[in-house]
Amino acid sequence: MTDATPHVAVCGLWHLGSTAVAGLLTHGRTVVAYDPQEDLRAGAAAATPPTGEPGVGEALRQGLGDGTLRVAGALAEWARNELCVLAHDSAVDADGGVDDPRLARAVAAFARHAPAGAVLAVLSQVPAYTHVRWRRTLLAHRPDVNLVHIPENLRLGRALDDFVAPPRLVVGAEERHTAERAARFLFPRATPAYVTLTEAELVKHATNAYLGMCVAFGNELGWLAARLGADPRVVARLLKADPRVADAAPLLPGAAFSGATLRRDLVALGRIGADWGRPEFFDTVLTVNDRHAAFPLDLLRAELGDLKGRRIAVAGLTYKPGTATLRDSLPLRLVRALLADGAEPVTYDPVAEALPDDVPARRTATLADAVRGADALLVAAALPELGGADWAALRPADRLVVDGCGALDPAALSVAGWRCLGLHPRRQEVTGAQTAP
């Protein structure tokens, strides 16, 4: 690869890949885009990103219009370029670990077709030491090509901004000059930290494992605080006031983390730990998170008993408000669990894509329609529309709301006549000294 490389090729067109294409177009690059899925190629050619990520569709449309974006029809077309970006959102196995044959197929195609001196920049999530295995197998006969690993941390809903101007850029490479050229071309607005390939792979694991640990810790602390009659939000706020605790750390109690991203890296570190006799920590974070994921249903069952035949309104379907994708969504898992219990979930989410065919739940256009005649409302995602709801005017059969994500103000709902359950302090009389139960 040279500084005069005319364009860049991106393989993968779901969230990561479509965002990468949009970001590179924003930087003024000419992009060749490919994905083995015909529907994703068609979506890119129509400037329709698969997750509704803000800004991505506009960038694709501009690139198609001015000729700086071309959608390729074959993997070999992607692999014949001097700078190839591997940007599949890595698929996972039943445990949440990476299991994606598309990655190996792409690297094998790169080995067959790439010109001498070409660079493969890996943005996809891969287990640490993957580059070693690829060098021993798929790239064994191509010493003239180079590998670069760039761990991405794109936040759903703000991914394009994160790609265009990443607050942190780590570039792992076999050779420093290759890393510098790739970083200049792909991320011209960032100041990179240059590391080894293994270090870059581990940084990706470490970042998401840390975030997952914070979420799980915040939820466990919040649950205990609420059971003792304390306000979990007060405890979390004062915890983060300590200068040794990052203010941006996701420690506020709410929903369990979902989506494949955090789990994928916790599983990866757990599997590496198992090889060296130290798997317990990362496995425990996953166990704690999985237990917490069901707490809204536990609250519903404790209040209503058997849920069979109960009509439960569910607000929020995606794992992050304002996005369309239902992939790996915790709210969707809760809907499935309600159906398994024999309940009748009625869902509301103004942005989410269509429910899968195997989820026979009714969907409504408004929150009022969802709660009408319901036995309870389960808030599964912090939809912005909830902030403007007229709670006093919403009248389900039983004015019970279970806040599964810390989206509501229980005091305000109480004034409006609702019983609000969630990670909120239990009411208790304070008379003299307090003792823990």
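Computed from a predicted structure; not experimentally measured.
- For the pair R263 and D328, the salt-bridge criterion is not met [side-chain N within less than 4.0 Å of a carboxylate O].
- Taking 4.0 Å as the cut-off between side-chain N and carboxylate O, D375 and R310 count as a salt-bridged pair.
- Rounding to the nearest 0.5 Å places CG of L355 at 12.0 Å from CZ of R362.
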Under 3.5 Å, which donor-acceptor pairs do the side chains of residues 163-172 form with other protein atoms, sequence neighbours left out?
unit_1, atom_1, unit_2, atom_2, d
R168, NH1, T207, OG1, 3.1
R168, NH2, N153, OD1, 2.8
R168, NH2, T207, OG1, 3.1

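- Contact annotation: the side chain of L378 never approaches that of V401 to less than 4.5 Å [non-hydrogen atoms, C-beta and beyond].
- Judged by distance alone, with hydrogens and angles left aside, the side-chain atoms of R311 form a donor-acceptor pair with the main-chain N or O of R372 at under 3.5 Å.
- Each of V359, L332, D349 was scored for a side chain to side chain contact (heavy atoms under 4.5 Å, CB included) with L326, with one residue passing: L332.
- Side-chain contact between D99 and V92: absent, with no pair of heavy atoms (C-beta onward) separated by less than 4.5 Å.
- E77 has a carboxylate O that lies under 4.0 Å from a charged side-chain N of R70, or vice versa, which qualifies the two as a salt bridge.
- Side chain of S90 to backbone of S124: no donor-acceptor contact under 3.5 angstrom is found.
- Between the side chains of D35 and Q37, no donor-acceptor pair is found at a separation under 3.5 Å.
- Side chain of R399 to main chain of L394: a donor-acceptor pair is present (N/O by atom type, distance under 3.5 Å, no hydrogens or angles).
- The ring-ring contact (aromatic ring centres under 6.0 Å, His included) test applied to W134 returns no partner, not counting sequence neighbours.
- Minimum interatomic distance between E53 and L156 (heavy atoms only, all atoms of both residues): OE1-CD1, 3.7 Å.
- The CG atom of L286 lies 10.0 Å from the CG atom of L269; values are rounded to the nearest 0.5 Å.
- In summary, D161 and R158 do not engage in a salt bridge, as defined by a charged side-chain N under 4.0 Å from a carboxylate O.
- Geometrically, R29 engages F185 in a cation-pi contact, judged by NZ or CZ lying under 6.0 Å from the ring centre and within 45° of the ring axis.
- Between H149 and V126 the shortest side-chain heavy-atom distance falls below 4.5 Å.
- Of the possible polar contacts, one joining the D162 side chain to the R155 backbone as a donor-acceptor pair under 3.5 Å is found.
- Remark: L367 CG to D390 CG distance equals 10.5 Å, nearest 0.5 Å.
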Checklist entry - How far apart are the C-alpha atoms of T198 and E201, what are their side-chain angles, what is the distance that settles it, and do they pass the side chain to side chain donor-acceptor pair (under 3.5 Å) test? => result CA-CA 5 Å; T198 300; E201 291 168 338; 4.5 Å; no

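- The aromatic rings of F110 and W78 sit tilted relative to each other, their planes meeting at an angle between 30° and 60°.
- The residues R271 and D95 are annotated as salt-bridged, a charged nitrogen and a carboxylate oxygen being separated by less than 4.0 angstrom.
- A donor-acceptor contact shorter than 3.5 Å is absent between the side chain of R181 and the backbone of R176.
- At distances below 3.5 Å, not a single donor-acceptor pair connects side-chain atoms of H15 with backbone N or O atoms of P50.
- In summary, R102 and D89 do not engage in a salt bridge, as defined by a charged side-chain N under 4.0 Å from a carboxylate O.
- To the nearest 0.5 Å, the span separating CZ on F257 from CG on N289 amounts to 3.5 Å.
- Residue Y319 holds its OH atom at 15.0 Å from SG of C405, rounded to the nearest 0.5 Å.
- The line from OG1 of T261 to CG of D265 is 8.0 Å long, rounded to the nearest 0.5 Å.
- For the pair V10 and V32, the minimum side-chain heavy-atom distance is 4.5 Å or more.
- Applying the side chain to side chain contact (heavy atoms under 4.5 Å, CB included) test between H7 and each of N81, L24, V31 identifies N81 as the sole match.
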Next on the checklist: I'd like to know whether T287 forms a side chain to side chain donor-acceptor pair (under 3.5 Å) with D290, so could you lay out the CA-CA distance, the side-chain angles of the two residues, the decisive distance to 0.1 Å, and finally the verdict.
Outcome noted: CA-CA 5 Å; T287 299; D290 289 344; 5.9 Å; no

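- Between R291 and E220 there is a salt bridge, since a side-chain N of the basic residue sits under 4.0 Å from a carboxylate O of the acidic one.
- At least one side-chain heavy atom of L239 sits less than 4.5 Å from a side-chain heavy atom of F217.
- Residues D403 and L423 form no side-chain contact, since every pair of their non-hydrogen atoms from C-beta on lies 4.5 Å or further apart.
- Between L120 and N146, every side-chain heavy-atom pair lies at or beyond the 4.5 Å cut-off.
- By the 4.5 Å heavy-atom criterion applied to side chains, H88 and L103 are counted as neighbours.
- Remark: side-chain polar atoms of R142 are paired, donor with acceptor, to backbone N or O of A114 under 3.5 angstrom.
- Considering T318, V351, T51 as possible partners of T325, the one that fulfils the side chain to side chain contact (heavy atoms under 4.5 Å, CB included) test is T51.
- For the pair R327 and W14, the cation-pi test (distance below 6.0 Å, angle within 45°) is passed.
- For H177, the NE2 atom is densely surrounded, since the number of other residues' heavy atoms within 6.0 Å is greater than 12.
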